[in-house]
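Order of the sequence lines sets the chain letters (A, B, ...), proteins ahead of strands, with each chain counted from 1. Basis for what follows: all heavy atoms, side chains included, without hydrogens, waters or symmetry-related copies.
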2 protein chains.
Amino acid sequence: MLPELKIQPLRYVITVVEEGSFHGAARRLHRSQPALSMAVRELEQRLGQNIFERGVKNRLTPFGEYCLPRFRDLIGQHDRLAKDVVNHANGRQGHIHLATVPSVASRIMPAFLARFLEQFPGLNISLHDENAFYVCQMVAHGEVELGITSLWQNDGELEYTHLFEDNIGVVCRQDHKLSAFKSLNWQSLQGEKLIGNGTSRLLMSTEAAEMVENSEFYISNMISLTAMLEAGAGITTLPRLAFPEHNENLCFIPLEDPGVVRRIGLVRAENRALSPAAQAMQAFVLQELQDKER
Amino acid sequence: MLPELKIQPLRYVITVVEEGSFHGAARRLHRSQPALSMAVRELEQRLGQNIFERGVKNRLTPFGEYCLPRFRDLIGQHDRLAKDVVNHANGRQGHIHLATVPSVASRIMPAFLARFLEQFPGLNISLHDENAFYVCQMVAHGEVELGITSLWQNDGELEYTHLFEDNIGVVCRQDHKLSAFKSLNWQSLQGEKLIGNGTSRLLMSTEAAEMVENSEFYISNMISLTAMLEAGAGITTLPRLAFPEHNENLCFIPLEDPGVVRRIGLVRAENRALSPAAQAMQAFVLQELQDKER
DNA sequence: CCACCTGATAAAAATTTCTTACCATATGAT
DNA sequence: ATCATATGGTAAGAAATTTTTATCAGGTGG
């Protein structure tokens, strides 16, 4: 019932009108003149009405006048669609949702995203910061396409690509007696008041587990934790990246004997394809962040 | 730069999504399954991104999710356009501007247009009534596509198709002494007060010309003319169709000796094509009004 | 009247689209 | 497990389409 119009002949019609002649349009479209003649006539036959007055000069028929603006519309829609779709396909347009642990979000992402957006100016980015467990969950549930985090557990749905390692160290006040050391082993912490935090689970598989479990405080919020440490309420362990580097009251001393590291990597859902924009970001992450210790 | 998308493959994509499988879509579209596979893949290659997840089950990729509603849009636009254009091409939709002389407008067009619109319900019609000269001018200038009128002069731009003839007669009051006659010749009008009107020019080429020129009054407006006649201020000549047939105070007596007729026909611009809707009306006019005397 | 436009036409070539026949894989029932 | 029966992918040839080349006919201006 409905004829299936093709974009091309409509474009021919419009170009003929704009150029005022089939020859001119053919030149502009890099086609031979008969190609246009035949395409236009085929269209006219399909519609059952002439678009061009087939007399002396090629004017539009009233039917042609009716059609022209509509053809223009459809072609406009088509071209806009094609542009948008191609931009998305190239990752030059789109919206990336990603999630990282807070330390990465605050210490790495600002500069990283700035560099990334320099290369891909059209992109929208939503950055969520959550703890490692929740980052993985968001990726698994499709709330975000990419996560940068340490792996909580590999339940098979997630694909992990290692980026870099982050050493765990002891954090205490500058005037604390431990601050004199360049590095520490586990034994030297005996007797200290250890404050647990969200990253303490990283010590659970080491000899330090018991001390962590016996710690009096557990503070998940970073700002509160910092305040407690500054008040001299005790010490804690943190990955270096999570240590507030510009804080002059606190210091970070690498822990060497148990030698614990947090492995940070890029996480994505295994069986879900990435949007082109996220593909671009994935490539950029691997190029810029992989194997760079800091 | 921009790829030229074709409607058909987009429709394939949407049907595959709706049916949930290539096979199902192929069945619905009366195509073989490889036709869809190849068309879709060709599209994907052209865009540089997969639309369908090529894994176990065919889900959409995120890119596909982005594309789908846009594809739907474009197809929707296309289908609406195709429907509108085809309806216009068939004369099932559109706007006809036509002009007729007042007598035709009031006596013929009402029933005629009712019958016409029964057959072509989607059409809009603008009916102008003007005198014969102006009807021709409107057609010549393209203000209307069709005119139903007597021809003012054939200046070559107009194509006239005869429809019917309309006899000129004398109009006077019922109690006028002429009202007794069944027909009249010119001589019997000597001594009467003749009121000129817009149609009097039809007598100019007959022996009655002199009397018309000497008439005291000339009234172009039909209502005023009727009132004058009813007041007994004189008599006039009119084509039968212009005579207000339900007026009980006036009567119409055919004029036989000079035997003047007004030729009414369909007028259109010779070198301008008609809109499909006007073509339909033209055919309907010829079928319904040609050679029917009234 | 002739050169030079215009668009139309026909036949062949090029390209695109579709079908047939076949393969590999996955799923569900026996 | 294995068999029937889905799924989608692949390749080769057929069919349809678009495009080009070459040519024609009509109109216009010098």
Tell me: [atom1] of [X] to [atom2] of [N], nearest whole Å?
| X | N | atom1 | atom2 | value |
| --- | --- | --- | --- | --- |
| B:N50 | D:dG8 | CG | C1' | 13 Å |
| A:E53 | D:dG26 | CD | P | 19 Å |
| B:E4 | D:dT18 | CD | P | 12 Å |
| A:L29 | D:dT18 | CG | P | 15 Å |
| B:E19 | D:dA6 | CD | C1' | 15 Å |
| B:L60 | D:dG8 | CG | C1' | 16 Å |
| A:L43 | D:dT17 | CG | P | 15 Å |
| A:F52 | C:dG7 | CZ | C1' | 12 Å |

Just to confirm, is there a sub-4.0 Å distance from OP1 or OP2 of [N] to any side-chain nitrogen or oxygen of [X]?
| X | N | result |
| --- | --- | --- |
| B:H23 | D:dA6 | no |
| A:S37 | C:dA8 | yes |
| B:R54 | D:dG8 | no |
| B:R41 | D:dG8 | no |

Establish, from distance only, whether the side-chain atoms of B:T61 and B:Q49 form a donor-acceptor pair under 3.5 Å.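 The answer is no; no qualifying pair exists.
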I'd like to know if A:R28 pairs up with A:E18 as an ion pair, taking the criterion as any Lys NZ or Arg NE/NH1/NH2 lying under 4.0 Å from an Asp or Glu carboxylate oxygen.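 Salt bridge flag = yes for A:E18 with A:R28.
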So, are B:R27 and B:E19 salt-bridged, with charged N and O less than 4.0 Å apart?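 No.
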Just by distance, do the side chain of B:E44 and the backbone of B:I51 share a donor-acceptor pair under 3.5 Å?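 Yes, because the side chain of B:E44 sits within donor-acceptor range (under 3.5 Å) of the backbone of B:I51.
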Could you tell me whether the side chain of B:E53 and the main chain of B:R59 form a donor-acceptor pair under 3.5 Å?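 Flag not set: sc B:E53 to bb B:R59 has no pair under 3.5 Å.
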Looking only at heavy atoms, what is the nearest atom pair of B:H97 and B:V144, with distance?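 Looking at all heavy atoms of both residues, the shortest contact is O-CB, 3.4 Å.
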Can you build the contact string for nucleotides 14-20 of chain C? Use B for base contact, S for sugar-phosphate-only contact, and - for no protein heavy atom under 4.0 Å. --SSBBB
Note, B:D73 side chain near A:L81 side chain (heavy atom, < 4.5 Å):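 SC-SC contact between B:D73 and A:L81 ruled out.
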